[in-house]
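Along the sequence shown, the residues carry numbers beginning at 1. Quick caveat, the model's predicted, so the values are computed rather than measured.
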Amino acid sequence: MCASCRRPFLAVPVLLFLSASAVAAVPLADRAVPPPGVETSVVTVRTGGDRTAAQAVAPLAGVRLGLYADEASDVPVDPGWGVCVADADGDCSFVVPDTADGGANAGARFWVRQLPDGVPAGWFANPVLRTGPGSGSDSIASVYTFRTPALAAGRTYSSTDTGPDGFMISDTYGTNYTASGGVWQDSRTNPVPTVGCGLDVAVVLDLSASVGSALPQLKAATDTFADALTGTPSRMALFSFDQASPATTVDRNHPELVPVSTKAGADAFKQLYAGWTLGKGTNWDQGLAAVAAATERYQAVVVITDGNPTRFADDAQGDGSRTHFRDVENGIFSANAVKATGARIIAVGVGKGVEGVSGLNLRALSGPTRYDGTNLLSADYFQTADFPSAGQDLHDLALSRCQGSISVVKQIAPADTTGEDVTGSVNAGPGWTFDATTDDPGIGGLPATATTTDDGTGSVAFRPTFTGTDSGPVTIAEVQQDGYELVTQGGRNAVCTNLNTGAPAAVTDQGAAFTVTAQSNEAISCLVHNRPARPADVTVTKTWQVDGRLLPDGQQPAGLSAALRLTGPGGADATPQPWNTARTGYRIGEQITITETATVDRPGCTLVSSRLTRLDGAPADLPLPDTEELTGEHLTAEVTNVVDCAPEPTPPPTAPEPPPIRPPGATAGALPATGTPALPSLIGWAAAATALGGTILRLATVRRRSRR
């Protein structure tokens with residue numbers, strides 16, 4: 001037995017039914033069945049619960065059966081020996097007295113039927129099943145009861161014996177509609193629907209030939225179901241069957257759960273069955289057995305079928321054209337195994353092949369509650385006229401689980417995207433947390449916190465309660481993770497949709513959070529993007545052009561200055577920043593604004609222009625302030641200020657003092673002792689004039705250079 005198929009009660013010794021012939025070969029001494037006496041006979045019925053292998057069923061203890069004098073009797077023939085209770089081995093045995101020759105029960109033939117309350121806790125009985133042609137026509141509501149052979153003392157009559165002392169079991173099909181596998185069936189109670197928006201669901205599609213030209217409609221109905229789950233924390237798996245599972249025309253089943261929280265995910269799921277074609281035969285047993293054998297676990301299993309079963313087991317037993325007890329019994333056993341995993345079965349019968357009395361078999365797979373148009377969440381099975389109707393019912397079922405809820409789907413954009421480009425986004429992994437709050441006293445259940453898991457949907461759901469109001473504002477704030485940044489869409493922190501109408505839902509940003517209106521009768525889904533934040537920095541240098549001469553900042557003439565200001569990081573207002581010094585803390589994709597305040601406090605000088613003249617090493621000519629997007633890790637810019645200064649006026653030359661007049665023969669520097677200065681010679685005056693002119697010329701040249 002496979003480990004994943006074990007159930008707690010299998011710790012006791014059990015006998016597995018490998019086939020009809022194998023059962024017949026098991027000695028009665030190995031069973032917990034009392035031996036007959038010289039005046040008694042034993043009638044024993046095997047009771048089964050969950051399928052444990054392709055042709056094996058675990059015993060079901062606690063089943064209570066009765067012996068009835070005829071089919072119409074309401075009371076067993078005797079309250080003592082006419083009633084049995086199945087033991088741990090699944091043997092329910094009657095010891096019938098007085099069956100010796102001449103005894104009161106000698107040659108008697110009784111009917112075995114389940115007592116009205118003859119099921120253990122957690123199970124329900126199926127006293128009537130639908131049999132008849134596989135097409136659904138001429139349906140028969142067949143009472144689940146079996147007649148014993150004529151009883152004789154000293155003999156044991158078994159439901160699994162194919163010999164003359166056997167009854168119930170039969171491999172003769174055709175119109176022998178009550179042919180059974182010899183194991184009494186009961187159905188597990190359908191697990192209660194899970195609460196909350198979002199669903200892990202397996203869809204099991206009937207690809208029997210009877211679907212015919214409606215195959216595109218079957219696929220469209222499944223599409224509708226997937227679309228209804230989009231925008232919620234949901235995943236879907238896929239199975240098929242005709243006379244086998246996967247269907248004979250299909251390469252494999254897809255038990256792995258595919259996230260459908262986004263349109264891309266739903267589209268990927270739809271592609272799994274887009275090319276499927278039809279086979280032949282209808283084997284409910286194997287379709288559900290494949291689900292039970294999967295390692296994945298599902299909250300719900302939706303079976304969409306257009307006909308009753310005509311095959312069973314992994315070797316396609318049955319006649320393929322008619323429905324017998326045995327075809328349905330095996331489907332029940334596999335359905336029980338699915339329910340044992342905690343999955344709720346929703347049986348959807350489509351078209352004339354499963355209308356009317358066929359609801360008995362859909363009921364046996366799932367549960368006793370039929371959809372009546374009002375009970376979507378509690379219904380176990382549906383009977384619809386066509387596939388579009390089935391798709392609509394499944395759509396409504398999906399959304400009914402989400403009424404009043406707000407789902408948040410978180411996606412991570414690739415690191416190499418910028419701005420609002422989120423091409424190639426993927427669903428977030430585990431650990432992304434959102435908080436939901438409200439200031440509306442009519443909305444309960446908040447504040448609440450939800451965190452994404454590793455389910456691949458990248459999503460969470462909040463389901464507030466409504467008291468005295470039908471709607472109200474709910475604010476959702478993301479707990480931002482280090483190394484990531486919010487990516488807006490259309491300038492908004494989230495994009496929200498009304499899942500009931502498909503229309504956009506209004507969003508109001510509250511800082512990094514957003515507010516949306518929750519509706520008690522509608523479902524809202526919001527998509528939020530983040531991107532891995534890549535660090536960036538900005539460096540701006542300054543150049544002066546004074547009277548045509550380029551000078552780096554710090555070498556310009558006195559009175560000329562400029563103060564740089566940059567916005568950010570993180571959208572902060574502009575603040576001072578030193579020239580030629582990197583400002584860090586930015587993220588790639590962020591926008592920054594470069595501006596300056598220039599001061600010219602020098603007579604005769606005028607600021608002609610201040611422009612951005614280089615950007616990332618390339619020439620530019622942009623006015624200030626200038627806004628740029630950080631597309632790389634480093635942004636460099638150069639701002640050039642052009643200043644013109646008027647030439648300073650040239651002062652008139654100053655005549656030199658004439659040298660003192662010395663008398664003839666006096667030495668240089670000596671003054672005459674008396675009165676009258678000596679007159680210079682003509683040659684001395686000429687030399688003095690020449691020297692003075694050269695000095696004036698040199699001074700003028702230096703002054704002009706200093707103004708440049």
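- The line from CG of N283 to CD of Q317 is 9.5 Å long, rounded to the nearest 0.5 Å.
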- Task: Could you walk me through whether V201 and V302 pass side-chain contact (heavy atoms from CB on, under 4.5 Å), step by step?
- Result: CA-CA 7 Å; V201 57; V302 175; 3.8 Å; yes
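- The line from OG1 of T156 to CG of D161 is 9.5 Å long, rounded to the nearest 0.5 Å.
- The two atoms that bring S366 and I345 nearest to each other are CB-O, 3.4 Å, heavy atoms only.
- Expressed to the nearest 0.5 Å, how far CZ of F110 lies from OG of S41 amounts to 9.5 Å.
- A distance-only check finds a donor-acceptor pair linking the side chain of Q299 to the backbone of D200 [under 3.5 Å].
- With sequence neighbours left out, the side-chain contact (heavy atoms from CB on, under 4.5 Å) criterion links N375 to T369, Y371, D372, S378, A379.
- Side-chain N/O atoms of Q114 and D186 include a donor and acceptor closer than 3.5 Å.
- Put simply, the side chain of I346 reaches to within 4.5 Å of the side chain of F382, judged on heavy atoms.
- In this structure, the ring pair (Phe, Tyr, Trp, His ring centres under 6.0 Å) partners of F146, at least two apart in sequence or on a different chain, are Y144, W184, F325.
- Checked by atom type and distance alone, the side chain of R401 pairs as donor or acceptor with a backbone atom of G196 at under 3.5 Å.
- No side-chain heavy atom of N336 sits less than 4.5 Å from a side-chain heavy atom of Q185.
- Contacts of R463 classified as salt bridge (Lys or Arg N to Asp or Glu O under 4.0 Å), with partners at least two apart in sequence or in another chain: none.
- For N253 and S245, the side-chain atoms include at least one donor-acceptor pair closer than 3.5 Å.
- Shortest non-hydrogen contact noted between A343 and V301 is CB-CG2, 3.9 Å.
- Residues L288 and F241 are not in side-chain contact: their nearest non-hydrogen atoms beyond the backbone lie 4.5 Å or more apart.
- For the pair V63/W123, no side-chain contact is recorded, criterion being any heavy-atom separation below 4.5 Å from C-beta on.
- Take C402 and apply the side-chain contact (heavy atoms from CB on, under 4.5 Å) test, not counting sequence neighbours, and it matches C197, T232, S405, A523.
- Applying the salt bridge (charged side-chain N to carboxylate O under 4.0 Å, His left out) test to pairs two or more places apart or on separate chains, those with a residue in residues 110-124 are R64-D117.
- Smallest separation of non-hydrogen atoms from T305 and W284: OG1-NE1, 3.4 Å.
- The main-chain N or O of G90 is found under 3.5 Å from a side-chain atom of T47 such that the two form a donor-acceptor pair.
- Using a distance-only test at 3.5 Å, with no hydrogens or angles considered, no donor-acceptor pair links the side chain of T40 to the main chain of P36.
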Only pairs under 3.5 Å count here: list side-chain donor-acceptor contacts from residues 387-394, not counting sequence neighbours, and write none if there are none.
residue : atom : partner : partner atom : Å
S389    : OG   : D386    : OD1          : 2.6
Q392    : NE2  : H395    : ND1          : 3.4
Q392    : NE2  : D396    : OD1          : 2.8

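- To the nearest 0.5 Å, the span separating OG1 on T148 from OH on Y157 amounts to 8.0 Å.
- Taking the side-chain contact (heavy atoms from CB on, under 4.5 Å) definition, one finds that S73 meets it with Y68, A69, D70, sequence neighbours left out.
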- Message: Applying side-chain contact (heavy atoms from CB on, under 4.5 Å) to S158 and T44, what does each step give before you reach the verdict?
- Response: CA-CA 5 Å; S158 172; T44 186; 3.8 Å; yes
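- For residues 342-358, the side-chain hydrogen bond (donor to acceptor under 3.5 Å, both in side chains) pairs, not counting sequence neighbours, are N308-S358, R344-D380.
- Note that CG of N190 is 11.5 Å distant from CZ of R363, once rounded to the nearest 0.5 Å.
- The shortest heavy-atom contact between G307 and D206 is N-OD2, 3.9 Å.
- The main-chain N or O of R130 is never found under 3.5 Å from a side-chain atom of S142 such that the two would form a donor-acceptor pair.
- Between Y173 and D327, the closest side-chain pair of non-hydrogen atoms is not below 4.5 Å.
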- Task: Start with the C-alpha gap between E329 and S180, add the side-chain angles, then the distance that decides, and say whether side chain to side chain donor-acceptor pair (under 3.5 Å) holds.
- Result: CA-CA 8 Å; E329 288 168 347; S180 167; 2.6 Å; yes
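- With hydrogens and angles ignored, the 3.5 Å screen pairs a side-chain donor or acceptor of T323 with a backbone N or O of P309.
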- Query: Would L365 and N361 count as a side-chain contact (heavy atoms from CB on, under 4.5 Å) if you check the C-alpha gap in whole Å, the side-chain angles of each, and the deciding distance to 0.1 Å?
  - Reply: CA-CA 6 Å; L365 284 188; N361 293 347; over 6 Å; no
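- Inter-residue side-chain proximity for I304 and V203 is flagged as met; some heavy-atom pair is nearer than 4.5 Å.
- Judged purely by atom type and a 3.5 angstrom limit, R297 uses its side chain to pair as donor or acceptor with the backbone of A294.
- Partners of R311 according to the salt bridge (Lys or Arg N to Asp or Glu O under 4.0 Å) rule, which considers only residues two or more places apart in sequence or in another chain, do not exist here.
- Looking at residues two or more places apart in sequence or on another chain, you find a salt bridge (Lys or Arg N to Asp or Glu O under 4.0 Å) between K270 and D227, D267.
- Listed by chain and residue number, R51, D285, Q286, S334 satisfy the side-chain contact (heavy atoms from CB on, under 4.5 Å) test with A289 (two or more places apart in sequence, or in another chain).
- The heavy-atom pair separating G82 from P76 by the smallest distance is O-CB, 3.8 Å.
- Ion pairing between R188 and D50 holds under the 4.0 Å rule for side-chain N and carboxylate O.
- D306 has its side chain out of reach of V354: every pair of non-hydrogen atoms, C-beta onward, lies at least 4.5 Å apart.
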- Task: Under the side-chain contact (heavy atoms from CB on, under 4.5 Å) rule, what do W81 and N105 come out as? Steps first, then yes or no, please.
- Result: CA-CA 12 Å; W81 60 263; N105 294 320; 3.7 Å; yes
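- Using modelled atom types, one finds a donor on one side chain and an acceptor on the other under 3.5 Å when comparing D455 with T457.
- Within 6.0 Å of atom CD in E39, 12 or fewer heavy atoms from other residues, nucleotides or ligands are found, so the atom counts as exposed in its surroundings.
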Donor-acceptor pairs under 3.5 Å, side chain of residues 273-280 to any protein atom, not counting sequence neighbours: which ones?
residue : atom : partner : partner atom : Å
Y273    : OH   : D223    : N            : 3.3
Y273    : OH   : D223    : OD1          : 2.4
W276    : NE1  : L272    : O            : 3.3

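- In terms of heavy-atom proximity, A364 sits nearest to S187 at O-OG, 2.8 Å.
- Between the side chain of Y298 and the backbone N or O of P255 there is at least one donor-acceptor pair closer than 3.5 Å.
- No donor-acceptor distance shorter than 3.5 angstrom exists from the side chain of D89 to the backbone of D91, with no hydrogens or angles considered.
- Separating the CZ atom in F239 from the CG atom in L207 is a distance of 13.5 Å, to the nearest 0.5 Å.
- Under a 3.5 Å cut-off, the side chain of D242 and the backbone N or O of A244 do form a donor-acceptor pair.
- Looking at V45 and C84, their side chains never come closer than 4.5 Å, going by heavy atoms from C-beta outward.
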